[in-house]
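Notes follow the structure.
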Amino acid sequence: MVQVTIDPLSRIEGHYRINTEVDEDGVITDAQSNALLFRGFEKFLLNQDPRDAALLTQRICGVCPVCHSIAAANALDELFGVIEEVPKDALVMRNIHQGFNFIASHAAHIYILWGPDLANPAYHNILMQYGEMGNAVWGELAGRFMPIVNQFNGIRYPAGSSYLGAIREQRHMHDAISLVAGKMPHSVLQHVGGVVYSPTIADINELVAYVEKTAEFVEAFTLGVSPDTWIENTYKASSPQKAVNFVLERLQELLDNSLVSNDFSHSSGWGDVPLFAAFGSELVGEQLLGLPISMKMDRAGVYPDPDKIGFLSYGVFFKPENGDGYDPTSPADERVIPSGYMNGNLELEEFDYRIISESITHSFYIDEEEDRSPWNGVTVPEGDPDKIDYTKGSESRYSWAKAPNYGGIPCEVGPLARLMIMGEPLTTGLVQTFQENGYSPVNNYTRMIARMQEVLVVMSELMKWILQDLEPDAKVAVHTDLSMAKDSTGMGLWEAPRGALGHWIATGSDSMVTLYQAVVPSTWNLAPRNSQGIPGPVEQALIGTKISAAENALGVDYANPLGILHTGRSYDPCLACAVHTIDRTGKHPGHTIRVL
């Protein structure tokens, strides 16, 4: 047995540690997910003015601050008793603010954080065994996805064209957010009762231009066809099977044109999604299209026991046609991407926010109760430095993350969970195809395809909100004052790009905060074991899978554990902007840190 530890897992947001045990065949037999940062926002929001929450909680993350500001503003709407009065155009503005951030965040993950995995040297060695085709495919992977600094076998590779292009597009998305929200990151748009800015006609025209510019990149680099064509035949397809057939027929057409010439370039129609769709999956590439090789990403990141995993969405993006106000419990018909819970057998169940809890059995927190609802949650960090030790295996306490559960079951959250619950045709069709062919429907391949598809779904809806639903210079807020928050509670259920995000708040007789709990997507996905000993989603997805590239195609390589890297990164981990210092010596006095 060999212990393989990734510390830190790079190219994610923040710093994360994965510890595994691997047998002599290169199969992972145990895994611990270690979040090594203490967040602390729940502590310093106590006794504060609740109106500050929409600004302060954004500092939890610099990549997806928008979702925190909206989740907090939603909780404040209920806390101040104005949730039924929030103007329709304020809700549309929240959609637009979040929509641009979804696209920017997904683009960063797909191209800048996860994408460079496709240019790993292991794939060079595997593909080179397959002659001219393998050489051509490797050339495309390296030429598109290589990060800025990379060198191996004595060759220095330039940064990939898609990698660099995505950085420019991410900036455009941030410029669009700054136009209506002041700045990005850490915008100043969201406030209790609505938003603080009503866009002009000139703003609306400029927002449209930003979306159109991104659509040009998507057509040239990402898809190889126009986004409208893709959406019309997938997201708007009349059935899941027709959506899958469109993609398979498109891939077959590209292959028929390229197999003789071995030309898999952008100019021949091979967008980044088709290239990954064809060569990333054993089922799609080798079995359905007849290719001699694939990266076999559909064999990794799977859940072996459906009774120990679920899929959860709180729902995101208000429906403008519902008018003013919204329901804080987020029933399924309230949001464009709906709330819902899907069990491990992919059976849809009605969402019930009341059965969400967090466990601290394997976390560095002190509490007489192991499981608590966020409504009575406490955050008391372990104060004894000798007890903060994450090297003692899966039976010990080993993470600063609590373990969120839905009715006692750990849940994957994020694009794949959202789109399965939504019944999005392409995602639904893909998971059904994998299931019917004896593959796990949830794997690293379907997880990444869902994230790519969600960019296009959101881009399509974003144009509608800007052009059809948003009125210039409209009313975007209702009046509030601090006394309205006296002895009250509020809950904000929303979705971050990475998954379900909930903020819970309570106040006392002086209207100051008496409770604040934020249960964020990466605590769902990267959770340690819960009080029943059930591993968290990433831990379950690692145990039983192989450590090296393409199912150990070239043997077991402990020095390049690409299977662990793929699976860990496929969840788009985000632990950034938390407190990065832990005094394990106990020799230094406490410090007061002012967050601006």
Side-chain angles (χ1 to χ4, degrees), residues 1-12 16-34 114 116-130 134 137-138 141 152-153 276 279-287 291-305 308-309 390-391 393-395 398 434 438-448 525-526 528-529 535-571 573:
M1 196 71 67
V2 176
Q3 181 168 301
V4 178
T5 301
I6 314 295
D7 185 14
L9 177 65
S10 60
R11 281 194 275 106
I12 66 168
Y16 176 48
R17 180 181 189 268
I18 299 176
N19 183 45
T20 64
E21 293 179 4
V22 185
D23 69 15
E24 61 275 14
D25 296 322
V27 177
I28 299 168
T29 58
D30 195 12
Q32 295 92 48
S33 169
N34 310 121
W114 190 86
D117 274 358
L118 301 175
N120 188 285
Y123 290 127
H124 170 271
N125 298 335
I126 292 172
L127 290 165
M128 284 305 169
Q129 300 178 104
Y130 292 84
V137 173
W138 167 251
L141 294 175
F152 62 91
N153 292 339
F276 174 73
F279 291 94
S281 162
E282 179 182 278
L283 172 63
V284 174
E286 296 183 50
Q287 294 195 31
L291 291 169
I293 189 170
S294 75
M295 291 180 273
K296 302 183 189 301
M297 293 194 185
D298 43 10
R299 291 290 190 184
V302 305
Y303 298 117
D305 186 348
K308 294 182 178 178
I309 193 69
Y390 43 82
T391 64
S394 57
E395 298 305 312
Y398 55 87
F434 278 94
Y439 284 73
S440 172
V442 173
N443 54 61
N444 288 342
Y445 178 81
T446 53
R447 200 170 283 127
M448 290 307 300
N525 288 331
L526 312 184
R529 284 152 174 78
V538 168
E539 295 176 332
Q540 292 186 44
L542 284 169
I543 296 171
T545 60
K546 296 180 179 176
I547 187 176
S548 300
E551 294 288 278
N552 296 341
L554 297 179
V556 182
D557 184 355
Y558 296 113
N560 187 13
L562 196 51
I564 300 175
L565 303 181
H566 279 329
T567 296
R569 290 184 181 126
S570 73
Y571 289 82

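Between Leu9 and Arg569 the shortest side-chain heavy-atom distance falls below 4.5 Å. A 4.5 Å side-chain heavy-atom check between Arg447 and Trp114 finds every atom pair outside the cut-off. Annotation: side chain of Ser281 is in contact with side chain of Phe434 (closest heavy-atom distance under 4.5 Å). Within the 4.5 Å cutoff, side-chain heavy atoms of Ile309 are placed close to those of Pro537. By the 4.5 Å heavy-atom criterion applied to side chains, Tyr130 and Val137 are not counted as neighbours. At least one side-chain heavy atom of Arg11 sits less than 4.5 Å from a side-chain heavy atom of Asp117. You'll find the side chain of Arg299 reaches within 4.5 Å of the side chain of Tyr439, heavy atoms only. For the pair Leu127 and Leu141, the minimum side-chain heavy-atom distance is below 4.5 Å.
With values rounded to the nearest 0.5 angstrom, Ile547 atom CD1 is found 11.0 Å from Thr567 atom OG1. Distance check: Thr391 OG1 to Gln3 CD gives 8.5 Å after rounding to the nearest 0.5 Å. The distance from the OH atom of Tyr390 to the CD atom of Gln32 is 13.0 Å, given to the nearest 0.5 Å. Rounding to the nearest 0.5 Å places CZ of Phe276 at 6.5 Å from CG of Leu118. The CD1 atom of Ile6 lies 11.0 Å from the OH atom of Tyr16; values are rounded to the nearest 0.5 Å.
Judged purely by atom type and a 3.5 angstrom limit, Asp23 uses its side chain to pair as donor or acceptor with the backbone of Val27. No side-chain donor-acceptor contact under 3.5 Å links Asp7 to the backbone of Arg17. Between the side chain of Thr20 and the main chain of Val4, a donor-acceptor pair closer than 3.5 Å is present. At least one donor-acceptor pair closer than 3.5 Å links the side chain of Gln129 to the backbone N or O of Ile126. A donor-acceptor pair under 3.5 Å is formed between the side chain of Gln540 and the backbone N or O of Lys308. The closest donor-acceptor contact from the side chain of Thr446 to the backbone of Pro441 lies under 3.5 Å. Without hydrogens or angle criteria, Glu539 side chain to Ser33 main chain gives a donor-acceptor distance under 3.5 Å. Listed for the Asp298 side chain is a donor-acceptor partner under 3.5 Å among the backbone atoms of Leu283.
The aromatic rings of His124 and Trp138 sit perpendicular, their planes meeting at an angle over 60°, well past the 30° parallel limit.
Checked by atom type, the side-chain pair Asp557/Ser548 shows no donor-acceptor distance below 3.5 Å.
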